[in-house]
Amino acid sequence: MTDDLRAPIGTHDVLAPDSALWEGVIGTFADLAHRYDFGLVLSPMFEDVAVFHRGIGEASEVATKEMYVFTDRGDRTYALRPEGTASVVRAFVQHHPVTPWRAWYVTPAFRYERPQAGRYRQHHQLGVEALGSDDAQVDVEVIALAQRFYAAIGLRRVRLLLNSMGHDVCRGEYVGLLRTHLFAHRDELCDDHRATWDRNPLRVLDCKKPACVAVTDQGPMLPDHLCDACRDHLDLVTRGLDRLGIAWERAPRLVRGFDYYTRTTFEFVSDALDAAQNAIGGGGRYDQLAAALGGPDVSGVGFGSGIERLLLARAAEGISRGLIDRDPDCFIVDTTGGEEATVLADELRRAGLAVSRAVDGRSMKSQMKVADRSGARVAVLIGPREIAAGEVTMRDLRASEATQWRVAREGVADAVRTVLEGHE
RNA sequence: GUGGGCGUAGCUCAGUUGGUUAGAGCGCCAGGUUGUGGUCCUGGAGGUCGCGGGUUCGACCCCCGUCGCUCACCCCA
């Protein structure tokens, strides 16, 4: 209701219980990243603007019109990170860890644009980067991690689109051919690209307008013009994916938005989402990024995924199953003032249990209602009679018929555990 | 940046041709013989009708502006 102090446009607060899904997604990813031998990297949310200009490309849409650029009190020009890769690679360059270096991250990403479904000014990405090797096996592992991750969070209607951008020489030759073709057919392009095809010919490949599709359909496709080395690399990647049983599709038109990609590029799309925001993740190899940021001439490969998009895709697939259980194990009802509940709760929590309780001296009936809604499996009741007897009353909140029993005060933790196990 | 739709209780919404104390469901709180939840019943709290201006005897309703939400284009996660 206070309109003057809301979260900024295009940003969102995520509160429990919704946030449990975020915990689940991030936790699942952290666990998987560990299994795939990636270590967590934390890097600043803002960087010298040059990190992104040199990284994702000064001419890219994101860099030219979507970055949050600001000057700090010391007159330094910074930008809020619009994506994850550039700053991770910057960290790699700065610290020169032993290669191959494998890092995973989860971070907010900022882009100044009008919000819409699946598109926000602050969204969140998680991903991995592997630097210091150009072995195609790394590409395969990165893609496999992404694919296994989507499966782990329950997504089924996901397709992997694969392409190769070649390297600077063979792509350069290809772009020349494409530009010649586009020049010959420039009048047939869609309204937008009739003016911009020359500046960024690759973008035209990505255009969905029938006019552009008709032109590019007859033109040269990048995969047909790869050099031998790039072709071999792509073949190794596809063979690796085949051996892992990971389905993929060739996507010769796949052109990603950042300039740093070379060779392998891929995108995961959800068929449950509308085309405007169906990309739930993507990535690829970048041979020149580290060098562009002043580092060694080493290659890297990685991918990033938008958490909001993943959640959107889950919802669109009708997946309601949660990823983690954040309900309390037990709920303490104390009608003697609340001090006993505090003591018992602390004891149970130290024993590893998740405990909820009521405060403010509410009536037993009221506390029982709260206990019920809390999702706790069992209620632990403390009243004058229990205190006198040195016991508590246990009540199963999930049983269809009322069942309760007395337990010695010292044995509460074990009694709760017994109930929990009985439910599993 | 451009365009469409929408802004009424915490949430989802109703609100008659502008008319006198703005409603419902859910949620929340309290009761229903004073130690007990989930169903049911009763009662209660909660709204400057996004904000500002205008028209009018009178505006939640009409007009203008503004802010916000939302969807689409562009691009992407």
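Keep in mind that what you see is a predicted model, and the values were worked out from it rather than measured.
Residue A/R398 places no side-chain N or O under 4.0 Å from the OP1 or OP2 atom of B/G38. OP1 or OP2 of B/C29 sits under 4.0 Å from a side-chain N or O of A/R373. Note on A/Q116: a side-chain N or O is less than 4.0 Å away from OP1 or OP2 of B/A72. Taking side-chain N and O atoms only, A/S366 has no distance below 4.0 Å to OP1 or OP2 of B/C29.
Ion pairing between A/R179 and A/D198 holds under the 4.0 Å rule for side-chain N and carboxylate O. For A/R406 and A/E391, the salt-bridge test passes: some basic side-chain N is under 4.0 Å from an acidic carboxylate O.
Picking from B/U36, B/G1, B/A77 the nucleotide with the shortest atom distance to the side chain of A/R309 gives B/A77. Nearest to the side chain of A/R6, among B/C29, B/G31, B/G68, sits B/G68. Taking only side-chain atoms of A/A117, from C-beta outward, the nucleotide of B/G68, B/A72, B/A77 with the closest atom is B/A72. Distance from the side chain of A/K365 is smallest for B/G37 among the nucleotides B/C71, B/C29, B/G37. Side chain of A/Y112, nearest nucleotide from B/C29, B/A77, B/G1: B/G1. Distance from the side chain of A/I9 is smallest for B/G68 among the nucleotides B/A77, B/G68, B/U70. Nearest nucleotide to the A/H123 side chain, out of B/U36, B/C29, B/A77: B/A77. Checking B/G38, B/A72, B/A77 against the side-chain heavy atoms of A/R395 singles out B/G38 as nearest. Comparing B/C29, B/C71, B/A77 by their closest approach to the side chain of A/R114 singles out B/C71. Here B/A72 is the nucleotide among B/A77, B/A72, B/U70 with the atom lying nearest to any side-chain atom of A/D274.
Where A/H124 and A/T393 each meet RNA chain B at their nearest nucleotide, the meeting point lying more 5' is that of A/T393. Residues A/G306 and A/K369 each lie close to RNA chain B; by heavy-atom proximity, the contact nearer the 5' end of the strand is made by A/K369.
Searching all strands for a Watson-Crick or G-U wobble partner of B/G27 with both distances below 3.5 Å returns nothing. Look at B/A72: its Watson-Crick or wobble partner, with both distances under 3.5 angstrom, is B/U2.
In this pair, A/Y68 and A/Y112 present their aromatic rings perpendicular. The plane angle is above 60°, beyond the 30 to 60° band.
Nucleotide B/C40 holds its C1' atom 15 Å from the CG atom of A/D372, rounded to whole Å.
A/Q125 comes within contact range of the sugar-phosphate backbone alone, with a heavy-atom separation under 4.0 Å but no base atom that close. When heavy atoms are screened at a 4.0 angstrom cut-off, A/A109 is found touching no nucleic acid atom at all.
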